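Read through the structure below, which is laid out as structure tokens, and then see the notes.
Note: hydrogens, waters and symmetry copies are ignored here, and every other heavy atom, side chains too, is used. Keep in mind the model is a prediction, meaning the values are calculated, not measured. When a residue number appears, it is its place in the shown sequence, counting from 1.
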Amino acid sequence: METIAAAKAAAPPMNVRILVVPRGVPQTKPRACNYGLALSRGEFCVIYDAEDRPEPDQLRLAIAAFREDERIRRDVDPTARPLVCVQAALNYFNAEHNVLTRMFAVEYSQWFDSMLPGMEGTGIPLPLGGTSNHFRSAQLRELGGWDPWNVTEDADLGLRASVRGFRVGIIDSTTWEEACSKVPAWIKQRTRWIKGFMITAAVNMRRPLRFVRRTGFGKQWA
């Protein structure tokens, strides 16, 4: 209720609509995202967390990436996989708070600034991060949105997109968010992530040969 009150008190402009997700099962972020997707009307949609501070030009960079993908598939390579999502880099604005937040910042810098850009051109399925995912709405609906029962719904969606013949890209823009600064909160967060990654692996690898064949992942080992 505090979040809803704060959102209303901010007095957003007329083009901003506040949606309150009805009570139901499960009470998860992906279920809320699916509710918002069902009522959205735009060609594109993006996921941000409440404390996020995206760089000012991030939305423009995302749209430019989608338009460039359209141009390439139209004029250069009609067989290229269509771009369904672009992921911005994530990092922490409170990295200097204590040792734990510094370790978070190092981890995120390595993953989002090095690993993901390096993986992008290989054809390996990219697991999405929890925020700053920019989607084509129609293709996101084609994928069925997010799995409301998976607590790492972002990573799952990135893998499912690859299985369905889509591509996830990276844009050179950073979203700053707040890192856990206390050990108990960190343990709860990591426990949730590990549980979600295990579920994601189990679901997507139910038919491992089909997964490898559809994603092209096997080419990396040839």
Side-chain angles (χ1 to χ4, degrees), residues 3 28-30 32-33 45-59 61-62 65 83-135 146-163 166-205 211 215 217 220-221:
T3 301
T28 59
K29 174 183 173 180
C33 290
C45 66
V46 59
I47 301 299
Y48 286 125
D49 290 337
E51 82 277 11
D52 281 356
R53 300 177 184 176
E55 292 183 338
D57 63 346
Q58 187 172 118
L59 295 180
L61 290 174
L83 184 66
V84 66
C85 176
V86 289
Q87 168 75 64
L90 306 178
N91 218 309
Y92 296 110
F93 56 73
N94 63 331
E96 299 299 322
H97 182 74
N98 59 24
V99 173
L100 186 59
T101 59
R102 288 188 181 95
M103 293 300 100
F104 262 115
V106 170
E107 177 189 29
Y108 266 42
S109 293
Q110 186 270 342
W111 180 249
F112 287 100
D113 298 336
S114 180
M115 286 295 293
L116 285 186
M119 293 166 60
E120 182 183 13
T122 66
I124 296 175
L126 299 186
L128 296 172
T131 179
S132 302
N133 311 146
H134 306 258
F135 295 97
W146 295 266
D147 179 358
W149 297 95
N150 191 329
V151 292
T152 52
E153 75 290 338
D154 34 36
D156 170 73
L157 184 55
L159 267 60
R160 284 195 288 115
S162 183
V163 170
F166 294 116
R167 180 173 63 88
V168 173
I170 306 296
I171 55 173
D172 185 15
S173 179
T174 300
T175 294
W176 303 93
E177 54 184 15
E178 185 176 12
C180 290
S181 59
K182 297 181 179 180
V183 172
W186 169 68
I187 292 175
K188 289 181 179 179
Q189 183 190 65
R190 288 301 164 126
T191 300
R192 176 174 61 83
W193 287 0
I194 292 171
K195 178 177 71 173
F197 293 150
M198 291 172 65
I199 293 173
T200 296
V203 169
N204 285 278
M205 295 302 289
F211 179 82
T215 61
F217 186 65
Q220 310 307 317
W221 304 95

Checking the side chain of [X] only, and the main-chain atoms of [Y] only, is there a donor and an acceptor separated by less than 3.5 Å?
X: Gln87; Y: Val168; value: no
X: Glu120; Y: Gly169; value: no
X: Asp52; Y: Pro54; value: no
X: Thr101; Y: Ser181; value: no
X: Asn133; Y: Thr131; value: yes

Listed by chain and number, what are the salt bridge (charged side-chain N to carboxylate O under 4.0 Å, His left out) partners of [X], not counting sequence neighbours?
X: Glu51; answer: none
X: Asp172; answer: none
X: Arg53; answer: none

Self-check item: Separation of Met115 CE from Ile124 CD1 (nearest 0.5 Å)
Solution: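 Ile124 atom CD1 to Met115 atom CE measures 8.0 Å (nearest 0.5 Å).
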Quiz item: Is there a donor-acceptor contact under 3.5 Å linking the side chains of Gln58 and Thr175?
Solution: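 The answer is yes; a qualifying pair exists.
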Self-check item: Exceeds 12 heavy-atom contacts within 6.0 angstrom, atom CE of Met198
Solution: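 Atom CE in Met198 is not packed in, count stays at 12 or less.
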Exercise. Evaluate the ring planes of Tyr92 and Phe104, with Trp represented by its six-membered ring, and classify them as parallel (under 30°), tilted (30 to 60°) or perpendicular (over 60°).
Key: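 The arrangement is perpendicular - the two ring planes meet at more than 60°.
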Quiz item: Relative to the ring of Phe197, is the ring of Trp193 parallel (under 30°), tilted (30 to 60°) or perpendicular (over 60°)?
Solution: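 If you compare the ring of Trp193 with that of Phe197, the planes turn out tilted.
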Quiz item: Is there a side-chain contact (heavy atoms from CB on, under 4.5 Å) between Leu157 and Phe135 once you walk through the steps?
Solution: CA-CA 11 Å; Leu157 184 55; Phe135 295 97; 3.6 Å; yes
Quiz item: Out of Asn150, Asp147, Asp156, which residue meets the side chain to side chain donor-acceptor pair (under 3.5 Å) rule with Thr200?
Solution: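 That would be Asn150.
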